[in-house]
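Within every chain, numbering begins at 1; the chains are lettered A, B, ... in the order of the sequence lines, protein sequences first and strands thereafter. As the structure is a computational prediction, the values presented were derived from the model and not from experiment. Every heavy atom of this structure was used, including side-chain atoms; hydrogens, water molecules and symmetry mates were not.
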Amino acid sequence: MNAETHEIPNRFDFAASATEIYDSWLKHGCFNADVDKSKKPFTIVIPPPNVTGALHLGHALNNTLQDIQIRLHRMQGYVALWMPGTDHAGIATQAVVERRLKEVENKTRHDLGRDKLVERIWEWKEQYEKRILGQLQRMGCSCDWRRTRFTLDEMCAKAVRTTFFDLFSKGLIYRGKRLVNWDAYLQTAVSDDEVFTETVKGNFFHLRYPFDSPQPGEPTFVTVATTRPETMLGDTAVAVHPDPVAALDKHERLLQEKLQAATAKDQPAIQSQLDELAARKVEVLPQLVLLAQMARDGRKLRLPLTDREIPLVADVWAKPELGSGCVKITPAHDPNDYEVALRCSLPMINIMNPDGTINENGGSFVGLPMAKARLKIVEALDAIELLEKTEDREIELKHSDRSKTPIEPYLADQWFVRMEQLAQSAMDAVTNGDVKIFPPRYASGYLDWLGEKRDWPVGRQLWWGHQIPIWSRSFELPADAQSLKFKIEAMPELSVGLINVSIEEPSTVHVCIRSEDAGLETKLQSLGLVRQADVLDTWFSSALWPHSTLGWPEQTPELEYFYPTSTLITSRDIITLWVARMVLMGLNNMGKVPFQEVFIHPKILDGYGETMSKSKGNGVDPLDVINKFGPDALRFGLTWLCTETQDVRMPVQFECPHCEALVNQTKDNRSKPLVLCDKCKKSFSTQWAETESDKAQPKAPVVSERFEVARNFVNKLWNASRFVMMNLEGFQPTKVDFDNLPLEDQWILSRLATVTKTVQSEIKLFRYAEAARAVYDFAWDHFCSLYVEMAKPRLQDPVARQLVQQILAHCLDSMLRLLHPIMPFVTESIWQQLARFAPTRDLHSDTPPSQWVILAPWPAVHDEHIRPKVEKQFSHFVDILGAIREIRSRQNIGPKESLKFCVRCEPAMKQLLAPMATFIESMAGATATEWSTSPTAPSINAHIGIEQMDVYVDLTQFIDVAAEISRNEKLLSNLVKQIQGKEGRLNNESFVSRAPADIIEKERQALSELVSQRDAAEQAILKLKKL
RNA sequence: GGGCGAAUAGCUCAAUUGGUUAGAGCACCACGUUUACACCGUGGGGGUUAGGGGUUCGAGUCCCUUUUCGCCUACCA
C-alpha cells in the first residue's frame, strides 16, 4: 500500500475542492473557445435566464444538459463554445422592481420618472445577474465567460436597431389600432403569450335595449346577454343574423351529422340540443326574421343610460341558436365585436383609461374602476327595469401573467411585425429538416402556431427595454404628411441608408433611424417629430440571440465560424415564443437557420405533479442541493432523471437545520412560515418567514432525496479510485497482448469499449438518462463489484500484479473521461491525484495524458475489444458466483466458513472457468474440488443448474434440510411454470407453423435446458427428504 | 370544444423494430465490519403493466374504447 494514499479521505469533499477546481479551469482558459479553422466548431447559446430572480431546478437541468454536450464535444476535439448571458425580460423585471418599489417605498413608477426607474432596474439586474452567473458557475457550467452578453447591452442593442430598421424598410413594421390585452395594473399591453385564462365565478346579465320608435307588431326592445355589462357604455350597435332561417337550418344539419357520428353515450346530449332547436324555431325564429328585416330597414335602438342612438345591424356574428339571437357590439373592447365593427363600418368607442377606470365616454360613470362601474350599471339598469335577469355562471377570464390581474380588451395604437413571410420561412426550416426538433412530436405545436401567421405585436408600454427607434408626427391633413415625407426623402441620410420613412394612413409620418445618432435625432426633432415611447417586446431581442451574441451586424470571424450554432436545448413552454422567432429572425438577418438541432427537455414537477415555483413554495434552489449533495450529485441526479418520454416528478423535502433529517414537503406545510421537524420536534423557518420571531428560527434548505442515488454514486467512484490508487505502488506502464489476456481482463475491456460507445451515442441523441445508466452500471456493477473484487487477489500475486495494475489504471482513466461531462468536479479531482500514481496509463498510448480531464481527449472506441463471446463466457462465472452466494445465504452459512463444490461441464468450459476458481474462492468463499464431465458429487449437496453446467455445493457440514428443500421447491415451481408455458407454445400448431424459425429453435433449446433443471431439482428434493 | 402526452413494484422511472421469467434505484426484510466505500457488501420479498374489447402463433409495446391526470389551444354574447 502506498503511504501517500493514506492522505486521501474516504469522501469527496466537494465543499472544499469544487471552487478551487473551477477557478483552475478558469485560470487556464479551459472554457475559452476561439476561432480555429483547423478544428470543427460546436456551439450552444444559453437560453438567457431572466434577470427577474434566481435560478431554479429547471434551469439547473437545462444548463446541466448543455454543459454535458459542451464538455463531450470539447473532449472530442471540437472548438466548443457555450455562449452565456442573461435576458432583460421586459415586463417581468419591471413588474418585480415596481412591486418592490410599492412595497418598500410605497411609490409608483410615475413618482420616480423614467430615468430613475430604469436606473433602479439596472441595479436589480446587476444584483441578479451576478447571482445567476454565480449559480451557473457553482453548477460547473463551462461557458466562455469572456463573451457574457445581456439582451440590453450595446452589442445586442445594435443588433436590435439594425433588425428593426431592416424590417421597417421592408415594410414589415407597421402601426395600427388594434385590440390588445390591456394589463390595467402595469398599464401596458401584453401579448397573447403573456396571458393565461382562469375560471372565475361571475354573472350572466340579460339586458334590454328599447327600440327608438317601434311600429305596431314590432318588438319594443331586444334582449342581449353579457358577462361584462359595463362595456355597454361603449356599445355602438346590436347585431342580428341576416338570414336566421338559413343559419338555424345549417346549425341543425351540423347537429344531425354529429348525432350520426356520435357514440351512444353522447347521443342524448345532442338529441336534446336538437329538441331545443326545434322549439326555438317555433318560439324565437319568427321574431329574429322580423328583427333581421328591421336591421335592413336601418332601425335604431336607444342605448340605455346614455342618450346615444345605435343601429340594429345584420351580421353573421350573431348566432340565432344562442341566447336571444341578438348580440351587443362593443368594438373597442371585444375582439369579435371589433371584427363586426370593421364589417359594418361602426364607430368604435373606447370607454377605458389606461389605468382601468371609465373615461369621459362613460357619462356619469366616469372615473369608476371597471369592476365598480359594473355594479353601478347593473343597479341603474335594474332601477329602470331594463335588467331582464341575472344568472350565475363560471367565466373563462383572461389574466395577465405578470400582474395576475384581469385583462381588459382595449383598443390601442400598437406596433406590429408582419408575419406572413417570416413565419413561412420558419415553418419551411422545420419541414425541410434544416432545423430538427427532438423529440419530434414538438414540431407540430411549432408548425401550428406559426401557421396562424398572426402579426406580432412588438410594442410594450414600458420603460425597461429597447425603445422603438421611430420618430413620428401626425398632421390634420394628409398633404402635410406627404410634404414632410418628401422633405425627409430628400435628406442625405436616407440615401445612404441611415433612416427610412413611411406614412401611416391617413396623415402620420414615421421615421426610423438605423443606429444611435444624437445629431440625427435632434434634426428630426427640429422637424417636429417625436420619438415613440414604447419599448420592444423582450422576445424581439432574444430572437436575435444566436447571431447578435456573435457580433452581428458586424461580420466578425466568430460569426462566420460559430454560426449557425449546433444545438439549442430548452424547455417546451418557449418553443413558440423564442425558438420559432429565433428561426425566423436568423433566416431574415443571416439567411441561415440559427441552429441545426433543438432538444426539448422534460419539466421538473414536484411530488404532486405540480410545476415548481417560488410562489407556490415548492421551488428548489440548486444551491441548496449543491450544498447538501454536491454539484456532481446535482448534475448526475438530473441527468439520471432526464428521460425522453415524460416529465419528472421530484418529491421535495425540507432539510431540518437542527438534525439534518429530511421532512417531506406537503401541500399544507409548504406555504407555512414555520415547520416542525418530524424527528427532533424542533421548528425551522421557510421562505415565508416574515415576523421577527419566525425569522429567528434557522431556515431549512429545500432539497430532494432523489439526489441521494447520485451522491452515493459520486462516493462510490471516489472510493473505487481510492482503492486503485492505493494499489498502484510500483506501477509501470505495461504493454499488453490483448488476445491473450486473462478472461476477466478481456471482459472488462470489452465492457469498457461497449459503454464508451453507448455513452457517446446516447448523449448525441439526447438520451441522457440512458447514458447515465450505462456508465453507472459499468462503474458500479462491472468495475467495482466484479473487476475490483477480482483484482484483489491478483494484486497480491507478484506475477499478476503489474498487468492488473495496468488494466485498473486504464479503466479508471477511461471512466473519469466518460463521466467527466456529467460529473466534472469529482472526475477532475481524481484525475489530478491519479497523475501522481500513474503519470502515463493509457493502454494505447505512451504519451502522458493531458493535465486536465476537461481537456483530455474522449476515449476512443475500440471495437476490437468488444467480444460478445467473452462476455457470454464471463456470465457463466457470474452465475456460479450468484448461485453459491444464494445457497450460502439460504443456508445461513457465515462468511468465514469455506464451502466446497464440484462442477459438471465439458472440457472446453473447464478450461475456461477453472482459472476463475480463485475468484470464486475470494468472492463466494467456495473452493472447487473438481471440474469434469462426470464429477463425484458430495453425498449431501445443493445442486445448481446453470446453462451447460451443474454445480454441486457440498453441504455435508452445513445442511439446513428444511431451507434447502424450500429453496428447491421454489426453484421447482418456477421451472414447472416456465416449462408449461414453453410446452404450450411449442405444442401450438400455429406457433410452430407461423413463428420465425430462430424463435422456435430458441424456445426448444430453452425447454430442454429447463427440463433437465427440473429433473435435477426433483431428485434433489427426493434425496433431501430422505435425510 | 380541439390537440399532444401520460397511467408499469409502496415511491421515482426503464423496457430496441411485438419474441424467454417486465428491469433499475430508493424504501422494505435477513445476514454481514472482508485490503476502497455503511453514502457499503451479500441474499431475499414485492407486478393481473389503470379497466374493457380487438389484431396476432405471441401484446407493457399495435388498434378501438372507458376512466383518471398533466400540458398546449379555442370566440360562445
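Atom NZ in A:Lys977 sits about 10 Å away from atom P in B:U21, given to the nearest Å. Atom CD1 in A:Ile604 sits roughly 15 Å away from atom P in B:U12 (whole-Å rounding). One interatomic measurement links the two molecules: CZ of A:Phe723 to P of B:U35, which rounds to 11 Å at whole-angstrom precision. Straight-line distance from the NE2 atom of A:His251 to the P atom of B:C76: 15 Å, rounded to whole Å. If you measure from atom CD of A:Glu391 to atom C1' of B:C76, you get 14 Å, rounded to the nearest angstrom. The OH atom of A:Tyr776 sits 17 Å away from the P atom of B:A14 (whole-angstrom rounding). Rounding to whole angstrom units, CG of residue A:Asp606 and P of B:C71 are separated by 11 Å. If you take CD1 of A:Ile407 and C1' of B:C75, they are 17 Å apart, rounded to a whole angstrom.
At a threshold of 4.0 angstrom between heavy atoms, the contacts of A:Glu705 with the nucleic acid are absent. The residue A:Ala924 sits apart from the nucleic acid: no heavy atom pair falls under 4.0 Å. Using a 4.0 Å heavy-atom criterion, one finds that A:Gln980 contacts no nucleic acid atom at all. Among the protein residues, A:Trp718 comes within range of no part of the nucleic acid, since none of its heavy atoms lies under 4.0 Å from any strand.
The pair A:Glu789-A:Lys792 counts as a salt bridge, with a side-chain nitrogen and a carboxylate oxygen less than 4.0 angstrom apart.
Comparing B:G19, B:U34, B:C37 by their closest approach to the side chain of A:Lys896 singles out B:U34. Distance from the side chain of A:Arg572 is smallest for B:C71 among the nucleotides B:A36, B:G19, B:C71. Taking only side-chain atoms of A:Gln796, from C-beta outward, the nucleotide of B:U20, B:U35, B:C13 with the closest atom is B:U35. Nearest to the side-chain atoms of A:Glu1003 among the listed nucleotides B:U20, B:U12, B:A36 stands B:U20.
Between A:Ile999 and A:Val709, it is A:Ile999 whose nearest contact on RNA chain B lies nearer the 5' terminus. Nearest-nucleotide mapping onto RNA chain B: of A:Lys1002 and A:Pro320, the residue sitting toward the 5' end is A:Lys1002.
Cation-pi geometry between A:Lys716 and A:Tyr776 is not met at under 6.0 angstrom from the ring centre and within 45 degrees of the axis.
Of the P atoms belonging to B:U12 and B:A50, the separation is 15 Å, rounded to the nearest Å. Distance noted for atom C1' between B:U49 and B:A59: 11 Å (whole Å). The C1' atoms of B:C13 and B:G60 are separated by 15 Å, rounded to the nearest whole Å. Only the P atoms considered, B:U42 is 15 Å distant from B:A27, to the nearest whole Å. B:C63 and B:G44: their P atoms are spaced 38 Å apart (whole Å). Between B:G10 and B:G19, the distance separating the two C1' atoms is 31 Å to the nearest Å. Here, B:C4 and B:C62 have their P atoms 15 Å apart, quoted to the whole Å.
A search for side chain to side chain donor-acceptor pair (under 3.5 Å) contacts involving A:Lys977 returns nothing, not counting sequence neighbours. Applying the salt bridge (Lys or Arg N to Asp or Glu O under 4.0 Å) test to A:Arg649 and every residue at least two apart in sequence or in another chain returns nothing. Applying the side chain to side chain contact (heavy atoms under 4.5 Å, CB included) test to A:Arg208 and every residue at least two apart in sequence or in another chain returns A:Phe221, A:Thr223, A:Leu386, A:Glu388. Shown here are the salt bridge (Lys or Arg N to Asp or Glu O under 4.0 Å) partners of A:Asp573, two or more places apart in sequence or in another chain: A:Lys603. Taking A:Gln833 as the reference, A:Ile8, A:Trp718, A:Met725, A:Ser829, A:Arg836 meet the side chain to side chain contact (heavy atoms under 4.5 Å, CB included) condition, with sequence neighbours excluded. Residues passing the side chain to side chain contact (heavy atoms under 4.5 Å, CB included) test with A:Gln1013 are A:Leu975, A:Glu1009, sequence neighbours excluded. For A:Ala318, the side chain to side chain contact (heavy atoms under 4.5 Å, CB included) partners are A:Ala239, A:Val327, not counting sequence neighbours.
Dashed line: the shortest gap from a side-chain N or O of A:Lys982 to OP1 or OP2 of B:U21 is under 4.0 Å. Look at A:Arg985 and you'll find a side-chain N or O under 4.0 angstrom from OP1 or OP2 of B:U21.
Using the six-membered ring where Trp is involved, A:Phe783 and A:Tyr787 have ring planes that are parallel, under 30° apart on the 30 and 60° scheme.
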message = side-chain contact (heavy atoms from CB on, under 4.5 Å), that's the test. Do A:His206 and A:Glu391 meet it? Break it down for me.
response = CA-CA 8 Å; A:His206 298 255; A:Glu391 296 170 63; 2.5 Å; yes
Pairing annotation in dot-bracket form, given for RNA chain B with Watson-Crick or G-U pairs under 3.5 Å and | for cross-strand partners = (((((((..((((.....[...)))).(((((.......))))).....(((((..]....))))))))))))....
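A donor and an acceptor atom never sit less than 3.5 Å apart when one is taken from the side chain of A:Glu770 and the other from the base of B:A15. You'll find a donor-acceptor pair under 3.5 Å spanning the side chain of A:Gln978 and the base of B:U21, going by distance alone.
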remark   = Per-nucleotide protein contact along nucleotides 38-45 of chain B, 5' to 3', at a 4.0 Å heavy-atom cut-off (B base, S sugar-phosphate only, - neither), is SBSSSSSS
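Side chains of A:Asn712 and A:Glu708: a donor-acceptor N/O pair is absent below 3.5 angstrom, by distance only.
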